Amino acid sequence: MSAAETHSSSTPADVSELRPGIWPTTAFQGDDGVLNIGGVPVTEVAERYGTPAYLFDETEFQARCITFREAFHDFDVYYAGKAFLTRTSARIAEETGLSLDVCTEGELAYAKAVGFPAERVLMHGNNKSEAELAAALAYGVGRIVVDSREELDRLEAMAPRFPDRKPAVLLRVTVGVRADTHVHIATAHEDQKFGFSLVSGEAEEAVRRVAKGGLLELRGLHSHIGSQILDTAGFEAAAKRLAGLRAKLMEDGIELPELDLGGGFGIAYTAGDEPTPAKEIAEILRTVVAKECAALGVSTPRLAIEPGRAIAGPAGVTLYRVGTVKHREGIRTFVAVDGGMSDNVRTALYEAAYSVQLAGRTSDSAPTLVRVVGKHCDAGDVVVRDDYLPSDVRAGDLIAVPGTGAYCRSLAHNYNQIPRPPVIAVAKGRAREIVRRETVEDLMGLDVG
């Protein structure tokens, strides 16, 4: 059966309207068919800054920061910078009362650049170097999530160099939960590089080591089960297992006042995705932990979460210009754009699903199934695997892909020596470049051979 036949039953009656739930709340299309985001017509962005371009809706990002801060008012909420990190996003996260989760010295540099309060910074990473740990300790980050025995060795050896304050740590526990998500972004089952194994007893051993050693300030346990998770079942299972380990350790007098349940909350990339609202997630998690702790006869810990995609994802839209259109009779139509897997590798890497919209004009043509592909020399260079555009889509058209605020810029690369796109912030009718477009000269400047 052809792709066209497979999708025939779900062919939309009208592709001229924005589908709800997958676009920034500021997005709309005027009578001329031009997509507006943050009060800015994308035709103006394309003319001024070129394509491809990442559009960053500051209003949407800020609103989502506030939504999580209010929904999880009794949690510590760390924005996961790995999803999308610029000086602008870091400032907004700080101004809205969120804390910041970083994984490398490079991400920590953004916190330093905007003066993010050190006590509200948490450092992750499964293989932190001594240089990265030293940078974190020198800055005075509030928490370090320890991931391995070797990292404990490094931290305990370095602690005497910082006598004014013991490094405050959480221990990452691999809880044995396989989240309902793509295998490459499921991070809590046993066959994983992250954390201390709960099943083997490694996690308990690590906690007891830290408690006995006295060189580090033991704050609690940490878990992260994966990414793009649309329900709460995995989080609930992880919370129960962590609560059980915590209760066992507390029986021996080991205090663990904090429990970080990580991030991974999903968003809607297509009309078929139904993510759980932040307020509902918060209520479920606080209730599960409270009930489990009550049943175990121990105090309820201070909880923390680390949303990244759920904040940044819907705030981003990528704008492309069509270069070629190829109709393969009985199969599909290939729409090639001026970007591709170098600006969005998630489709190739995770089989991620995206949506697409004609963004620069109106069309009365019937919808046709398309595959939006890039300009790279790779058959896997796909941006949108299957969606509908008007059948008169043609070279020169502007098209927009929503839900690209998380991980697209973070995972961007230079395959075929293509420079990365700029990030254009839009808000209140104003567009401004917050990350400039790379140039061929930038790429050549790194080559010192």
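Treat the numbers as computed from the prediction; the structure is a model and nothing was measured.
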Practice problem: Identify which one of Val384, Val356, Val370, Val383 satisfies the side-chain contact (heavy atoms from CB on, under 4.5 Å) criterion when paired with Val335. | Solution: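 Going through Val384, Val356, Val370, Val383 one by one, the side-chain contact (heavy atoms from CB on, under 4.5 Å) with Val335 is satisfied by Val370 alone.
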Quiz item: Of the options Lys212, Arg209, Arg161, which is the one that meets Glu156 in a salt bridge (charged side-chain N to carboxylate O under 4.0 Å, His left out)?
Solution: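 The passing option is Arg209.
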Partners meeting side-chain contact (heavy atoms from CB on, under 4.5 Å) with [X] (sequence neighbours left out):
X      : value
Ala247 : Leu296, Val298
Ala203 : Val173, Phe196, Leu245
Ala90  : Leu85, Val114

Test of understanding: with salt bridge (Lys or Arg N to Asp or Glu O under 4.0 Å), list the residues that count as partners of [X], not counting sequence neighbours.
X      : value
Lys248 : Glu204
Glu70  : none
Arg149 : Glu202, Glu205
Arg91  : none

Exercise. Under the side-chain hydrogen bond (donor to acceptor under 3.5 Å, both in side chains) rule, collect the residues that match up with Ser355, sequence neighbours excluded.
Key: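 Applying side-chain hydrogen bond (donor to acceptor under 3.5 Å, both in side chains) to Ser355 gives none.
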Self-check item: Set of side-chain hydrogen bond (donor to acceptor under 3.5 Å, both in side chains) partners for Glu236, sequence neighbours left out
Solution: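 Partners of Glu236 under the side-chain hydrogen bond (donor to acceptor under 3.5 Å, both in side chains) test: Thr232.
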Quiz item: Do His222 and His124 have ring centroids that are under 6.0 Å from one another?
Solution: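 His124 vs His222: aromatic centres under 6.0 Å.
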Exercise. Determine, for Arg154 against Glu130, whether the closest basic-nitrogen to carboxylate-oxygen distance falls under 4.0 angstrom.
Key: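 Judged by the 4.0 Å cut-off on N to carboxylate O distance, Arg154 and Glu130 do not form a salt bridge.
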Quiz prompt | Partner set under ring-ring contact (aromatic ring centres under 6.0 Å, His included) for Tyr79, not counting sequence neighbours | solution =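 For Tyr79, the residues satisfying ring-ring contact (aromatic ring centres under 6.0 Å, His included) (neighbours in sequence not counted) are Phe61.
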Quiz prompt | With sequence neighbours excluded, residues passing ring-ring contact (aromatic ring centres under 6.0 Å, His included) with Tyr54 | solution =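 By the ring-ring contact (aromatic ring centres under 6.0 Å, His included) rule, Tyr54 matches no residue at all.
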Self-check item: Listed once per pair and sorted, the side chain to side chain donor-acceptor pair (under 3.5 Å) pairs that draw on residues 94-104, sequence neighbours left out
Solution: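 Sorted result for residues 94-104: Glu94-Arg120.
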